[in-house]
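Down below is the structure, laid out as structure tokens.
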Amino acid sequence: MGLSLDWSRELATCDPAYYKHQQKMFLDFLKVGLVERKQSKVNWDPVDQTVLANEQVIDGMGWRSGAPVEQRELTQWFFKISNYSEDLLTALDKLDRWPEKVRLMQRNWIGKSEGLLVRFALDAKTTPGGESELEIFTTRPDTLFGAKFMALSPDHPLATAAAAKNPKLAAFIAECKKIGTAQEAIEKAEKLGFDTGIRAVHPFDPSWKLPVYVANFILMDYGTGAIFGCPAHDQRDLDFVNKYGLGATPVVCPPGQDPATFIITTTAYDGDGRMINSRFLDGMSIEEAKEEVAKRLEKETRGNSAVGKRQINYRLRDWGISRQRYWGCPIPIIHCAKCGVVPVPEKDLPVELPEDVTFDKPGNPLDRHPTWKNVKCPKCAGAARRETDTMDTFVDSSWYFARFTDPWITTAPTDRKMVDAWLPVDQYIGGIEHAILHLLYSRFFTRAMKKAGHAGIDEPFAGLFTQGMVVHETYRTKSGEWAMPSEVKVEGADDNRRATLIATGEKVEIGSIEKMSKSKRNTVDPDDIIGTYGADTARWFMLSDSPPDRDVNWTEQGVQGAWRFTQRLWRLAHEAAEIAKSAPAKRPVEFSAEAIAVRKAAHSALAYVSEDIAKLHFNVCIAHIYEFAKALGDAIGNIESEKTPPDLAWAIVEAAGILVRLFHPMMPHLAEECWATLGYKTLVAAETWPQVEPELLVENTITLPVQINGKKRADITVPRDAGKDDIEAAVLALDAVKRALDGKSPKKVIVVPQRIVNVVA
RNA sequence: GCCCCUGUGGCGGAAUUGGUAGACGCGCCUGACUCAAAAUCAGGUUCCGCAAGGAGUGCUGGUUCGAGUCCGGCCAGGGGCACCA
């Protein structure tokens, strides 16, 4: 297709020469405290037999396998992306050349929430082991007087302790965990609770006791795994109390509601309002009440520390990178019974994947490869074993752009001079599907590389553009097999469209329009167009209609038009070359009206294309090139005499040169040919972009639309610098205006300079 | 459920950011060239109407001299998040 790629920089992330550096960075990140090994509940893909990050679970299914994801408890390696939660969030504001949509998605994913940690005292008589307090996290401390219950996650230590003494509770917790394994069930699960018998004390009223439940909708890994429930203002809590009959006292009254009659039944109120039923908070706004509660609880102490503490929580979790699969970069760690977790010494890098592996059984082949797995401990030389987890392949793509700046260096992941000179990437282009996965990981990785000394910047991509997907109809045979568009003949129109297999004539069903994929076989091969019409026509055609950020429904309708245009440009180049023979080399001092018209067409097209190409509005660029080519063709066609006047000849040569350079980015091969035809010895690719002459964009007379009551009724042509009064007088003399006014004088005449005139009748 | 985006001719899509709606291309129609066809060239093509004229950017109300563009309420399609306290 004539793409200009520097293949000398080609790299492969599966090449040990690449992942060697990745292992080095893993060890460096470990040194600076950005890698951690911990037990955690993980998303387990039962088909791929591997762990998935939260970001890789889509609607409860594995992003690759599509299988329902299960929860498992495993020891895993993590990159501490959450160290950068705040930075990753605030730095989004500075990424002004990123689509707002992507920034918003990342903001939501990071999910910052500000709230208060509150230590509730427990009635020790009621606790299993004399526990005296329970810490909860809330973003709504203002609703503390609406509290009806406390709730613990089934995984909360206090729940575990209570269950040890209460078999019924233990059974309830076991039931919760069973439901918790299938993601789909979680979404539909009813809110269930179990009263532990434990009683908590309200922080503002020692005599106010709250029952402590274990509830299936409380997550252990957010906040403290425990909450206080305010049913009137939280729908989940309301659903819960309505099941257990605990009641709901409203503490926030919506504007215009009478506090005396305001009640909550089945819908919680989470809007704005004034505090009610809340003692010293009554009458305050929500914000004032939050502040007041925080202030009071911060001051109050129990056992040498404050009862309340402000805290900011993030939804963003650390990035679990352990994968139990063969295809990935081995994690350069050795486990020794004596020394524990030992990093592989740098001189032993890379840890290469063994090649003699078998895939006959499910699970990780590295796990059952004795000679690879069993090694000596680098510290004590005793028997040890390798870490058999490999890294998530998203790690590979989190820094390849940095490696591109110097892919040849063997002694380090990056050459600091190179990486700092080249990065950040000026314009990154990718699909919206990477909005949080790849783009958030890369932002973290760049920061981590900075901390470990491998780069000097925070943000990898200064400009981001998300291109749309190419979509196409799907075709399916009676036996349920997918057919490719090239194998199918489609006839008829609208509701009568029908499709048959070209080979057999068998009828096929026309299915929905979907993203092109190998599995649905709804792909088209640009080689077909390239084969018939050439690469330039294919490029032009693909760029011409649809803006690149939108999805396109692929059709070859219109490719003929693109091909026709290449012919026209070719003819035009030859016609211009003929005129060039007699054109003066020196720029004429004076230009005729015809010559000026040609120059204006050239320079205004140049101005438009320059602007639109920077915005990646290629379809609009192409429209302007069509117009310009038409104007130039007309100008050449209008030459009557055998000998073209020298000034016009010069203008045509100038215009042809501009035209070729304008379409060169879209049709490089044709442009080079045309350039040579025009007599140039250089390559267009090596030429500079032409300069606009701004004075050619200014018109001496302008045509203003004339509206009557906001509807266009006429045009008027006036000198560019005509005064308002002159324009108004000319407008009122127009027939269309006189007719509309019917002898009366207008209420108002609005003259917007250089734009429009509106007569209000 | 919450958040976000999109909605313009027969089709893909333009519209200087509040100022001529439908650029440009496809398709279609008419004409020229031709014995004929293809190619090429010229003209037309939002809808209603023979015309004068009128209506018109998903629906509906508003702000404004003026709204595809801004605001409110709906409808439809797409995307993201979802027991995150």
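Below, read A as the first sequence line, B as the second, and so on, with proteins coming before strands; counting in each chain starts at 1. This is a predicted model, so every value here is computed, not measured.
Considering every non-hydrogen atom in both A:P154 and A:I218, the closest pair reads CD-O, 3.8 Å. Contact detail for A:A289 and A:M275: the closest heavy-atom pair is CB-CG, 3.6 Å.
With a 6.0 Å radius and a threshold of 12 heavy atoms from other residues, nucleotides or ligands, A:W563 has its CH2 atom at or below the threshold. Heavy atoms of other residues, nucleotides or ligands lying less than 6.0 angstrom from NZ of A:K112 number more than 12. In this structure, A:E728 places its CD atom where more than 12 heavy-atom neighbours from other residues, nucleotides or ligands lie under 6.0 Å away. Around atom CZ of A:F78, more than 12 heavy atoms belonging to other residues, nucleotides or ligands sit under 6.0 Å away.
Applying the side-chain hydrogen bond (donor to acceptor under 3.5 Å, both in side chains) test to residues at least two apart or on different chains, the pairs with a partner in residues 619-632 of chain A are A:W540-A:Y626, A:K630-A:D634.
Ring geometry, A:H574 versus A:W570: the interplanar angle exceeds 60°, so the pair is classed perpendicular (tilted spans 30 to 60°).
Contact annotation: A:T138 side-chain N/O to B:A85 OP1/OP2 distance is not under 4.0 Å. Side-chain nitrogen and oxygen atoms of A:N619 include at least one within less than 4.0 Å of the OP1 or OP2 phosphate oxygen of B:A14. In terms of phosphate contacts, A:S113 brings a side-chain nitrogen or oxygen within less than 4.0 Å of OP1 or OP2 of B:A85. A close approach under 4.0 Å does occur between a side-chain nitrogen or oxygen of A:R315 and OP1 or OP2 of B:A82.
The gap from the P atom of B:A21 to that of B:G27 amounts to 28 Å, rounded to the nearest Å. Here, B:G49 and B:G54 have their C1' atoms 9 Å apart, quoted to the whole Å.
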Report all interatomic pairs (protein N or O, nucleotide N or O of nucleotides 26-34 of chain B) with separations under 3.5 Å.
residue	atom	partner	partner atom	Å
B:C26	OP1	A:R564	NH2	2.8

Can you check nucleotides 76-79 of chain B for protein contacts, nitrogen or oxygen pairs under 3.5 Å, and list what you find?
none

Give each protein N/O atom lying under 3.5 Å from an N/O atom of nucleotides 53-62 of chain B, with the pair distance.
residue	atom	partner	partner atom	Å
B:G53	OP1	A:R739	NH1	3.1

Between N or O atoms, less than 3.5 Å apart, protein on one side and nucleotides 16-20 of chain B on the other: list the pairs.
residue	atom	partner	partner atom	Å
B:U20	O2	A:K712	NZ	3.1

What are the atom names and distances for every N/O pair under 3.5 Å that joins the protein to nucleotides 42-47 of chain B?
none

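Residues satisfying the side chain to side chain contact (heavy atoms under 4.5 Å, CB included) test with A:E695, not counting sequence neighbours, are A:E693. Residues passing the side chain to side chain contact (heavy atoms under 4.5 Å, CB included) test with A:V559 are A:I529, A:Y533, A:T537, A:F541, A:E556, sequence neighbours excluded. Remark: A:P665 pairs with A:I613, A:W689 by the side chain to side chain contact (heavy atoms under 4.5 Å, CB included) rule, at least two apart or across chains.
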**Q.** Structure string for RNA chain B in dot-bracket form, Watson-Crick and G-U at under 3.5 Å, | interchain
**A.** (((((((..(((......[....)))((((((.......))))))(((....)))..(((((..]....))))))))))))....
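Relative to the side chain of A:W109, the nucleotides B:A82, B:C24, B:G13 differ in distance, and B:A82 lies closest. Out of B:G13, B:C24, B:C4, the shortest distance to the side chain of A:R550 is found at B:G13.
Side-chain to base pairing of A:K191 with B:C83: one donor and one acceptor N or O lie within less than 3.5 Å of each other.
The OG atom of A:S517 sits 12.5 Å away from atom NE2 of A:H472, with the distance rounded to the nearest 0.5 Å.
Checked options A:L117, A:L116, A:L297; the residue passing with A:R310 is A:L116 (criterion: side-chain contact (heavy atoms from CB on, under 4.5 Å)). Applying the ring-ring contact (aromatic ring centres under 6.0 Å, His included) test between A:Y213 and each of A:F172, A:F228, A:F194, A:F240 identifies A:F240 as the sole match.
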In residues 136-150 of chain A, what donor-acceptor pairs under 3.5 Å come from side-chain atoms, sequence neighbours left out?
residue	atom	partner	partner atom	Å
A:T138	OG1	A:R140	N	2.9
A:R140	NE	A:D142	OD1	3.1
A:R140	NE	A:D142	OD2	3.3
A:R140	NH2	A:D142	OD2	3.0
A:T143	OG1	A:R140	O	2.8
A:K148	NZ	A:T249	OG1	2.8

Donor-acceptor pairs are to be reported for all side-chain atoms of residues 703-710 of chain A against protein atoms at under 3.5 Å, with residues two or more places apart or in another chain.
residue	atom	partner	partner atom	Å
A:T703	OG1	A:T717	OG1	3.2
A:N709	OD1	A:A761	N	3.1

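Side-chain atoms of A:H156 never come within 3.5 Å of backbone atoms of A:M220 as a donor-acceptor pair (strictly under, hydrogens ignored).
B:A85 atom P lies 13 Å from atom CG of A:D221, rounded to whole Å.
Along RNA chain B, the nucleotide nearest A:R571 and the nucleotide nearest A:I622 are compared for position; the residue whose nucleotide lies closer to the 5' end is A:I622. Remark on RNA chain B: of its neighbouring residues A:L219 and A:S546, the 5'-side contact belongs to A:S546, judged by nearest-heavy-atom nucleotide.
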